[in-house]
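These numbers were taken from a predicted model, which means no experiment stands behind them. Side-chain atoms are counted along with the backbone in the values below, which use heavy atoms only and exclude waters and symmetry mates.
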Amino acid sequence: ISETGAAVPYELEVSSTGNTITPHASTVDTDQLPTHGVPLDELGGYISTSTDTWTFTWTHLEPWSFHQVYVFGHADVNAVNNVTITGGNLNGTIQTINFTQTISADGLYVNGKPGTDDDLTTFAYTVLSDGDGKIQITVTPEQGSIAALAGLAIAATQPVGPPENGSISG
């Protein structure tokens, strides 16, 4: 469902190397919530692990299209998320974005930055979907810490299509 309530074709596949994904209730410090057309003040609660790797795969995206991707790290305790976002082949290289979220209790990280009241789009990572219309996000805990995730978001920007042979004329 989009922010406007319209159905979208995207799906999110979720997997874990562990047996369960544990949810927790919590609230985010409001001064750390980015500004957005649809207020983010309902962002709260999180899932956590101290040992597992989570894999989130956005599917049914338009192949070879750019998307703004957001990973919201949050917990009511200190946590450290090691995050990798993997997209499609961009200029001959698989697009890979790595970052760490060092979250203080009741704090928020949006992608690789601490939460502020800046516009949400200033936190975006622009990621190219692959030829199958997928973007993958993995989250693992830092050794001796927990990983904690409050949510994910994605917004399509523009399709670019698969690479094609060009022509030269003159």
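- The minimum heavy-atom distance between Val139 and Ala147, with the atom names listed, is CG1-CB, 4.2 Å.
- Of all heavy-atom pairs between Gln95 and Thr126, the closest is NE2-O, 2.9 Å.
- Residues Pro141 and Thr49 meet the side-chain proximity criterion, which asks for heavy atoms closer than 4.5 Å.
- To the nearest 0.5 Å, atoms OG1 (Thr59) and CG (Asp132) are separated by 10.5 Å.
- A heavy-atom distance below 4.5 Å is not found between the side chains of Pro34 and Asp118.
- No side-chain donor-acceptor contact under 3.5 Å links Thr20 to the backbone of Thr22.
- Every side-chain hydrogen bond (donor to acceptor under 3.5 Å, both in side chains) that Thr84 has, sequence neighbours left out, goes to Asn98.
- Between Thr121 and Tyr70, the closest side-chain pair of non-hydrogen atoms falls below 4.5 Å.
- Among all heavy-atom pairs drawn from His24 and Ser48, the shortest one is NE2-OG, 2.7 Å.
- Taking the side chain as every heavy atom from C-beta outward, Val71 and Asn81 never approach each other to under 4.5 Å.
- A donor-acceptor distance shorter than 3.5 angstrom exists from the side chain of Thr17 to the backbone of Thr53, with no hydrogens or angles considered.
- In the hydrophobic clustering of this structure, Phe56 groups with Val8; members are Ile, Leu, Val, Met, Phe, Trp, Tyr whose side-chain heavy atoms approach within less than 4.5 Å, directly or through other members.
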Fill in: Full working for side-chain contact (heavy atoms from CB on, under 4.5 Å) between Val83 and Trp54
CA-CA 10 Å; Val83 181; Trp54 297 321; over 6 Å; no
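- Counting heavy atoms from C-beta outward, Asn111 and Lys113 have side chains that stay 4.5 Å or more apart.
- Among all heavy-atom pairs drawn from Thr116 and Phe123, the shortest one is OG1-CZ, 3.5 Å.
- Contact between Tyr46 and Ala148 at its shortest, heavy atoms only, is CD1-CB, 3.7 Å.
- Atoms CG and CD, from Asp106 and Gln32 in turn, are 8.5 Å apart once rounded to the nearest 0.5 Å.
- Aromatic ring centroids of Tyr125 and Phe99 lie under 6.0 Å apart.
- You'll find the side chain of Leu152 reaches within 4.5 Å of the side chain of Trp58, heavy atoms only.
- Interatomic distance, Ser50 OG to Gln143 CD, rounded to the nearest 0.5 Å: 9.5 Å.
- Crowding of Asp31 atom CG: a count of heavy atoms from other residues, nucleotides or ligands under 6.0 Å exceeding 12.
- A distance-only check finds a donor-acceptor pair linking the side chain of Ser26 to the backbone of Gly45 [under 3.5 Å].
- Between Pro39 and Gly37, the shortest heavy-atom distance links the atoms CD-O, 3.5 Å.
- Remark: His60 engages no residue in a side-chain hydrogen bond (donor to acceptor under 3.5 Å, both in side chains) (not counting sequence neighbours).
- Cluster membership check: Phe72 does not share its hydrophobic cluster with Leu12, using side-chain heavy-atom separations under 4.5 Å among Ile, Leu, Val, Met, Phe, Trp and Tyr.
- The distance from the CG atom of Asp41 to the NE2 atom of His36 is 12.0 Å, given to the nearest 0.5 Å.
- With hydrogens and angles ignored, the 3.5 Å screen pairs no side-chain donor or acceptor of Thr57 with any backbone N or O of Glu13.
- The shortest side-chain heavy-atom distance between Leu43 and His74 does not fall under the 4.5 Å cut-off.
- Cluster annotation: Ile137 is connected to Ile47 through the hydrophobic network of ILVMFWY side chains, with a link wherever side-chain heavy atoms come within less than 4.5 Å.
- Tested against Leu128, the residues Leu61, Leu90, Asn89 include a single side chain to side chain contact (heavy atoms under 4.5 Å, CB included) partner, Leu90.
- Under the rule for a side-chain hydrogen bond (donor to acceptor under 3.5 Å, both in side chains), the partners of Asn82 that lie at least two apart in sequence or sit in another chain are Thr100, Glu142.
- For the pair Leu108/Val110, a side-chain contact is recorded, criterion being any heavy-atom separation below 4.5 Å from C-beta on.
- One hydrophobic cluster holds both Leu149 and Val127 under the rule that ILVMFWY side chains link at heavy-atom gaps under 4.5 Å.
- Between the Asn78 side chain and the Ala105 main chain, a donor and an acceptor come within less than 3.5 Å of each other.
- To the nearest 0.5 angstrom, Ser15 atom OG is 10.5 Å from Asp52 atom CG.
- Following chains of ILVMFWY side-chain contacts shorter than 4.5 Å, one cannot reach Ile103 starting from Val80, and the two form parts of different hydrophobic clusters.
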